[in-house]
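Heads up, the thing below is written out as C-alpha cells.
We count ligands from 1, going down the list as the structure has it; atoms in each ligand are counted the same way.
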Amino acid sequence: MATILVTGGTGFIGSHTCVELLSANHDVVILDNLYNSKEDVVKRIEQISGRSVRFYKGDILDDTILDQIFTENTIDAVIHFAALKAVGESMEKPLEYYHNNVGGAVNLYLAMQRHGVHTIVFSSSATVYGQPKKVPCAEDAPIQEATNPYGTTKIYNEKILSDLCAAKKDFSVMLLRYFNPIGAHPSGLLGEVPNGVPNNLTPYVAQVALGQREFVRVWGNDYDTPDGTGVRDYIHVVDLAKGHVNALDYALHHHGVQAVNLGTGVGYSVLDVIHAYEKVCGHKIPYQIMERRGGDIAENYADVSKAKTLLGWSAQYDLNQMVADSWHFMEKLNENQ
Ligand code: NAD
Ligand code: UD1
C-alpha cells in the first residue's frame with residue numbers, strides 16, 4: 001500500500017484512476033485546480049470506492065501548495081495527469097499550453113526532487129508517434145514532430161523525464177502512451193463532461209445521439225483504411241485506469257524510465273464507432289462525410305505486448321462496452337441538466 005499524489009485527479013482519466021488506486025488499497029491525495037473538472041467528483045470517487053480521499057484545490061504552478069502537500073502527506077509516488085488537452089486551443093494559445101503543461105510539470109518534478117519523491121507516472125499520448133510507419137505501433141517506433149503545441153508538450157515531458165532519469169539513478173518514471181480513452185465508469189457517476197463543441201469523436205457522437213447536434217461530421221472517408229475513415233485504438237477508461245495501478249506497482253519496484261503503450265491492440269474506424277453507438281442508443285445516428293481534418297492521421301493502434309509482459313496488464317473491455325458505458329453516463333448527465 002502506498003500514498004499517491006494524483007494531479008488532475010478530478011478530471012476524466014484521473015478520477016477513474018483514483019477509484020482503481022483506492023480499490024487496490026492505495027491512499028490517494030488529489031491536487032486539481034478545477035479548471036476542467038468539478039469538486040463533486042471527489043464525493044463520487046468516495047461513493048464508488050467507499051473510501052475517503054484528501055483533496056487540495058490548487059495549481060501545479062504554485063510552489064506553496066506543492067510544498068504543503070509534500071509536507072502534510074508521506075507521498076510515495078505521483079501520477080501526473082494535470083494538463084490542458086484541447087488540440088485546437090493549443091494552436092491558438094501555445095504559451096498557455098507550454099506554461100501549464102511544461103512549466104507546471106517541471107515545477108512539480110522540482111517539488112518532488114525537493115521532497116525526495118522519486119517515482120512518477122506520466123500521462124503521455126500516442127500522439128508522440130504521429131502517423132507510425134507500421135501498425136500495430138510498438139514503443140520503439142520513432143517519435144515524430146507533433147503537428148500542434150499540445151502534442152509537443154507531451155514530447156517535451158517525455159524528454160525532460162528521460163533526462164532526469166539519466167541524471168538521477170534513483171528516479172523511476174513511467175511514460176504511459178494512451179491511445180484513445182473513451183467510455184465512463186459503469187456506475188454512471190464518472191465520465192467525460194464535454195466542454196463546448198467536442199473535438200473528440202465519441203462525445204460528439206453522443207451529443208448527436210441525444211439530439212443535441214444534427215449529425216456527426218466524419219472527417220474524411222478517403223484514407224487507406226478498410227472503410228476509408230480514420231482508424232484508432234479506443235480503450236475503455238476503466239481499463240486505462242487499471243493500467244496505471246500496474247504501472248505504479250512496477251515503478252515502485254524499479255528505477256529508470258519505461259515508455260508503455262496503453263491500448264487494446266484493436267483498431268476501429270469512425271463508422272464502426274457510430275454503428276456501435278446506434279446499437280446502444282437504439283436509433284440511427286445521422287452523419288455526413290466532410291473534408292479531412294488538418295493534422296489527422298489515417299490509422300494507429302497499439303502493439304500491446306510490452307504492457308502485457310512488463311506490467312502484466314491488458315485491456316478487458318471491447319468497443320460495445322465502451323460505448324454502452326459512455327451512453328449510460330451521457331443519458332444520466334442529460335437527465336440531470
Ligand atoms: P481532463 O481535462 O479531464 O483532466 C485534467 C485535469 O487537470 C482537470 O481536472 C484540470 O482541472 C486539471 N488541471 C489542468 N491544469 C492544471 C494545473 N495547472 N494545476 C492543477 N490541475 C490542473 O483530461 P483527461 O482526459 O483526464 O486527461 C488527463 C491527462 O491525460 C492529460 O495530461 C492529457 O493530456 C492526457 N491524455 C488524455 C487523452 C484523452 O483522450 N483524454 C489522451 C492522451 C493523453
Ligand atoms: C485527438 C488529437 C490527439 C489527442 C487525442 C486525445 C487531433 C488531430 N488529434 O486524437 O492529439 O491526443 O485527440 O485527446 O486533434 N472524428 C470525426 N468526427 C469528429 C471527431 C473525430 O470523424 O467530430 C474522427 C477523426 O478524424 C479520427 C477519429 O474520429 O479519425 C478519432 O478522433 P479524435 O477522437 O479527435 O481522436 P484523435 O484524432 O485520435
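Among Thr264, Asn180, Asn300, Asn261, the single residue meeting the side chain to side chain donor-acceptor pair (under 3.5 Å) criterion with Asp233 is Thr264.
Nearest protein heavy-atom neighbour of atom 2 (O) of ligand 1: Asn36 ND2, 2.7 Å. Looking from atom 3 (O) of ligand 1 to the surrounding protein, the closest heavy atom is Phe12 N, 2.8 Å. Scanning all protein heavy atoms for the shortest distance to atom 29 (C) of ligand 1 gives Phe81 O, 3.3 Å.
Residue contact annotation: Thr7 has no non-hydrogen atom under 4.0 Å from ligand 1. The shortest heavy-atom distance from Ser15 to ligand 1 is not under 4.0 Å. Within the 4.0 Å heavy-atom cutoff, Gly104 does not count among the residues contacting ligand 1.
For the pair Arg213 and Tyr204, the cation sits on the ring face: its NZ or CZ lies under 6.0 Å from the ring centre, inside 45° of the axis.
Nearest to atom 8 (C) of ligand 1 by heavy-atom distance, out of Ile182, Leu34, Leu84, Asp32, is Asp32. Nearest to atom 44 (C) of ligand 1 by heavy-atom distance, out of Gly8, Gly11, Ser124, is Ser124. In the candidate list Val41, Ile13, Leu61, Ile13 is nearest to atom 26 (O) of ligand 1, counting heavy atoms. Among Asn100, Val128, Leu240, the residue whose heavy atom sits closest to atom 15 (N) of ligand 1 is Asn100.
When all heavy atoms are compared, the tightest approach of Ala241 to Glu20 is CB-CG, 3.6 Å. Summarising the geometry of Glu192 relative to Lys85, their closest heavy-atom pair is OE2-NZ, 2.7 Å, with the distance given to 0.1 Å. Across all their heavy atoms, Ser49 and Leu22 have their closest contact at OG-CD1, 3.5 Å. Taking all atoms of both residues into account, the shortest heavy-atom contact from Ala298 to Gln131 is N-OE1, 2.9 Å.
Between the Asn107 side chain and the Ile60 main chain, a donor and an acceptor come within less than 3.5 Å of each other. Remark: side-chain polar atoms of Asp318 are paired, donor with acceptor, to backbone N or O of Gln321 under 3.5 angstrom.
For ligand 1, the atoms sitting less than 4.0 Å from at least one non-hydrogen atom of Ala83 are 5 (C), 7 (O), 14 (C), 15 (N), 31 (C), 32 (O), numbered in the order shown with element in parentheses. Atoms of ligand 1 lying under 4.0 Å from any heavy atom of Tyr35, numbered from 1 in the order shown and given with element: 11 (O). Close contacts between ligand 1 and Ser123 involve ligand atoms 29 (C), 30 (O), 32 (O), 35 (C) [criterion: under 4.0 Å to a heavy atom]. Close approach of ligand 1 to Gly58 (heavy-atom distance below 4.0 Å) involves ligand atoms 19 (N), 20 (C). Using a 4.0 Å cut-off to heavy atoms of Ser125, the atoms of ligand 1 that qualify are 43 (C), 44 (C).
Checked for salt-bridge contact, Lys308 and Asp303 miss the test: no charged N lies under 4.0 Å from a carboxylate O. Using a 4.0 Å cut-off between charged nitrogen and carboxylate oxygen, Arg54 and Glu46 do not count as a salt-bridge pair. Between Arg292 and Asp222 a salt bridge is recorded (basic side-chain N to carboxylate O distance below 4.0 Å).
The side-chain hydrogen bond (donor to acceptor under 3.5 Å, both in side chains) analysis of residues 237-246, with sequence neighbours excluded, yields the pairs Tyr178-His244. The ring pair (Phe, Tyr, Trp, His ring centres under 6.0 Å) pairs that include a residue from residues 249-284 are Tyr250-His254, where partners are two or more places apart or lie in different chains.
Leu84 belongs to a hydrophobic cluster with Tyr35, Val87, Tyr97, Tyr150, counting contacts under 4.5 Å between side-chain heavy atoms of Ile, Leu, Val, Met, Phe, Trp and Tyr, direct or through other members.
By the criterion of a heavy-atom distance under 4.0 Å, neither the backbone nor the side chain of Ala126 is placed next to ligand 1. If you look at His80 next to ligand 1, there are no close heavy atoms at all, none under 4.0 Å. At a 4.0 Å heavy-atom cut-off, ligand 1 touches Asn33 through backbone and side chain alike.
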Does ligand 2 have any N/O pairs with the protein under 3.5 Å, and how far apart?
unit_1: ligand 2; atom_1: 11 (O); unit_2: Thr127; atom_2: OG1; d: 3.3
unit_1: ligand 2; atom_1: 12 (O); unit_2: Ser125; atom_2: OG; d: 3.3
unit_1: ligand 2; atom_1: 13 (O); unit_2: Asn200; atom_2: ND2; d: 2.9
unit_1: ligand 2; atom_1: 18 (N); unit_2: Arg217; atom_2: O; d: 2.6
unit_1: ligand 2; atom_1: 18 (N); unit_2: Trp219; atom_2: NE1; d: 3.3
unit_1: ligand 2; atom_1: 22 (O); unit_2: Arg217; atom_2: O; d: 3.4
unit_1: ligand 2; atom_1: 22 (O); unit_2: Trp219; atom_2: N; d: 2.9
unit_1: ligand 2; atom_1: 26 (O); unit_2: Asp296; atom_2: OD2; d: 2.6
unit_1: ligand 2; atom_1: 34 (O); unit_2: Asn200; atom_2: ND2; d: 3.2
unit_1: ligand 2; atom_1: 34 (O); unit_2: Leu201; atom_2: N; d: 2.9
unit_1: ligand 2; atom_1: 35 (O); unit_2: Asn200; atom_2: ND2; d: 3.1
unit_1: ligand 2; atom_1: 35 (O); unit_2: Arg293; atom_2: NH1; d: 3.4
unit_1: ligand 2; atom_1: 35 (O); unit_2: Arg293; atom_2: NH2; d: 2.8
unit_1: ligand 2; atom_1: 36 (O); unit_2: Asn180; atom_2: ND2; d: 3.1
unit_1: ligand 2; atom_1: 38 (O); unit_2: Arg293; atom_2: NH2; d: 2.9
unit_1: ligand 2; atom_1: 39 (O); unit_2: Asn180; atom_2: ND2; d: 2.9
unit_1: ligand 2; atom_1: 39 (O); unit_2: Arg232; atom_2: NE; d: 2.6

